[in-house]
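Protein chains get the first letters and strands the later ones, always in sequence-line order, with residue 1 at the start of each.
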2 protein chains.
Amino acid sequence: MGASKSDFFSDEQNELANLFKAISHPARIAIIQYLLTVDTCICGDIVNELPLAQPTVSQHLKELKNVGIIKGTIEGTSICYCLNPEIMEKMENYFGGISKELKNKCC
Amino acid sequence: MGASKSDFFSDEQNELANLFKAISHPARIAIIQYLLTVDTCICGDIVNELPLAQPTVSQHLKELKNVGIIKGTIEGTSICYCLNPEIMEKMENYFGGISKELKNKCC
DNA sequence: TTATTATATTGCAATATTACGATATATTAA
DNA sequence: TTAATATATCGTAATATTGCAATATAATAA
C-alpha cells in the first residue's frame, strides 16, 4: 500500500488535483511569477532566475506544460514559454464558485 | 539531492506552494466538495463518503486544517469540520491577479 | 562538415507522500 | 467505574517527487 487511490475518485476530482499539484512547488510558483514580470514572453533564461540546475528547471517546466498552465513555442534554438490565461481563469472560477456557495452557508 | 530546496525560495512562494499542495490530492478535493454539499457543518461521516480508511481520512483532514482550508470545532465525541471562506477568497484572488496581469501582455 | 547553443531525457539517490493496521486519546452513556 | 463512540497518532510499507550529473537531441553558426 502506498500512493494514489485515484481510481476511486472522479475524473474531475483527479484533474483538479493534478492541476493544483502542478503549482504545489515553490520553483513552479517562481516560474509563474517570473513569466508574469517579463513583458515579452522570454525564454529559457528562467534557469538563471532559479537556484536549480538546468535539467531540474526543464522538468518543472514540463510539469507546468503537461497540465496546460504554460505553453512553449520553438524559437530557433530556444523555446519561448508563456502563461496560459485560460487555465488561470479556470482556477479563479473554481475558487470563485466555492466562495459564492459558502455565502449561503452557516459556520 | 532529493526533495525540497525550499530554503532558496521566498516565504510567500513556499506558502503558496503549501496551500496548493494541500489540495493536490483527489481525496482532499472530494472532502472540500463534500463540505460544500452539506448545509450544516457535518462532522466525521466524511469517512463514509470516501473510499479510504479512517486514519487516512484523518490525515487528509489534518493537512487541510494545517493550511487553514478547513476549521474543526469539537462537538461532543465528534468534531465538526467546515470550510474557511477566507482562504478560498485568497486563492481566488491569487488567480484573479494573474488573470488581470495577463491581459496587459502579449502571447 | 564540425562547433556552438538551448533544451530534453535518462538514470539514480535522497526525500516526501500515501495508506492503513494497531493503538492511543477523549468524550459521553450506562 | 466500564463500555461505546469518534477521532488522532504511531509505525511502516509502497509509491511518488525532487534534483542533478551525464548524455541525447535539435537548430543555427562557422
Side-chain angles (χ1 to χ4, degrees), chain A residues 1-9 13-14 17-31 34-35 38 41-67 69-82, chain B residues 1-9 13-14 17-31 34-35 38 41-67 69-82:
Chain A
M1 300 104 216
S4 101
K5 275 211 162 185
S6 43
D7 291 353
F8 295 101
F9 297 98
Q13 287 166 339
N14 279 302
N18 283 332
L19 204 50
F20 296 128
K21 190 187 292 180
I23 51 172
S24 72
H25 191 287
R28 297 195 290 266
I29 294 285
I31 289 172
Y34 177 70
L35 287 174
V38 288
C41 287
I42 282 301
C43 326
D45 36 21
I46 300 171
V47 173
N48 298 318
E49 289 291 318
L50 296 182
L52 297 170
Q54 180 268 324
T56 310
V57 173
S58 183
Q59 196 178 273
H60 283 306
L61 288 168
K62 190 182 178 184
E63 283 173 69
L64 288 171
K65 201 167 43 174
N66 280 343
V67 298
I69 288 177
I70 62 174
K71 293 185 272 194
T73 43
I74 295 163
E75 193 115 329
T77 28
S78 58
I79 289 181
C80 175
Y81 283 112
C82 63
Chain B
M1 302 108 217
S4 101
K5 273 210 161 188
S6 43
D7 291 354
F8 294 101
F9 296 98
Q13 287 166 339
N14 279 302
N18 283 331
L19 204 50
F20 296 128
K21 190 187 292 179
I23 51 172
S24 73
H25 191 287
R28 297 195 289 269
I29 294 285
I31 289 171
Y34 177 70
L35 286 174
V38 288
C41 287
I42 282 301
C43 325
D45 37 20
I46 300 171
V47 173
N48 298 318
E49 290 291 317
L50 297 181
L52 297 170
Q54 180 269 323
T56 309
V57 173
S58 183
Q59 196 177 272
H60 284 305
L61 287 168
K62 191 182 178 184
E63 283 173 70
L64 289 171
K65 200 166 45 172
N66 280 343
V67 298
I69 288 176
I70 62 174
K71 293 185 272 192
T73 42
I74 295 164
E75 193 114 326
T77 27
S78 57
I79 289 180
C80 175
Y81 284 112
C82 62

(message) Please verify the inter-ring angle class for A:Phe20 with B:Phe20; under 30° counts as parallel, over 60° as perpendicular, anything in between as tilted.
(response)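 Because their plane-to-plane angle is under 30°, the rings of A:Phe20 and B:Phe20 count as parallel.
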(message) Classify the ring geometry of B:His25 against A:Phe9: parallel below 30°, tilted from 30° to 60°, perpendicular beyond 60°.
(response)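 Rings of B:His25 and A:Phe9: perpendicular, over 60°.
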(message) Looking at B:Ser58 and B:Pro55, would you say the former's side chain and the latter's main chain have a donor-acceptor pair under 3.5 Å?
(response)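 No; judged by distance alone, with no hydrogens or angles, the pair does not exist.
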(request) Give a yes or no on whether the backbone of B:Ala17 and the side-chain of A:Arg28 come within a donor-acceptor separation of less than 3.5 Å. (result)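 A pair under 3.5 Å: no.
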(request) Answer with base, sugar-phosphate or nothing: what part of the nucleic acid does B:Glu75 contact at a heavy-atom distance below 4.0 Å? (result)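 Since no nucleic acid heavy atom lies under 4.0 Å of B:Glu75, the category is nothing.
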Identify the pairs formed between an N or O of the protein and an N or O of nucleotides 4-11 of chain C at a distance under 3.5 Å, and give each distance.
{"residue": "C:dT7", "atom": "OP1", "partner": "A:Gly44", "partner atom": "N", "Å": "3.2"}
{"residue": "C:dT7", "atom": "OP1", "partner": "A:Ile79", "partner atom": "N", "Å": "3.1"}
{"residue": "C:dA8", "atom": "OP1", "partner": "A:Tyr81", "partner atom": "OH", "Å": "2.5"}
{"residue": "C:dA8", "atom": "OP2", "partner": "A:Ser58", "partner atom": "OG", "Å": "2.9"}
{"residue": "C:dA8", "atom": "N7", "partner": "A:Gln54", "partner atom": "NE2", "Å": "2.7"}
{"residue": "C:dA8", "atom": "N6", "partner": "A:Gln54", "partner atom": "OE1", "Å": "2.9"}

(request) I would like to know whether A:Asp45 and A:Tyr34 meet side-chain contact (heavy atoms from CB on, under 4.5 Å); could you show each step before the answer? (result) CA-CA 10 Å; A:Asp45 36 21; A:Tyr34 177 70; 3.6 Å; yes
Tell me the interatomic distance from [X], atom [atom1], to [N], atom [atom2], rounded to whole angstroms.
{"X": "A:Ile74", "N": "D:dT25", "atom1": "CD1", "atom2": "P", "value": "16 Å"}
{"X": "B:Asn14", "N": "C:dA16", "atom1": "CG", "atom2": "P", "value": "13 Å"}
{"X": "B:Leu52", "N": "C:dT18", "atom1": "CG", "atom2": "P", "value": "11 Å"}

(request) Could you check if a side-chain atom of B:Asn14 sits within less than 4.5 angstrom of a side-chain atom of B:Asp7, using non-hydrogen atoms only? (result)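 No, too far: nothing below the 4.5 Å cut-off.
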(message) Check the phosphate of C:dT15 against B:Lys5, side-chain N and O only, distance under 4.0 Å to OP1 or OP2. Yes or no?
(response)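 For C:dT15, neither OP1 nor OP2 has a side-chain N or O of B:Lys5 closer than 4.0 Å.
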(message) For C:dA19 and B:His60 - does any side-chain N or O of the residue sit under 4.0 Å from the phosphate oxygens OP1/OP2?
(response)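 Yes, B:His60 has a side-chain N/O under 4.0 Å of OP1/OP2 on C:dA19.
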(message) Here's a test of your reading of the structure: between A:Ala27 and A:Gly76, which maps to the more 5' nucleotide of DNA chain D?
(response)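 Nearest nucleotide further toward 5': that of A:Ala27.
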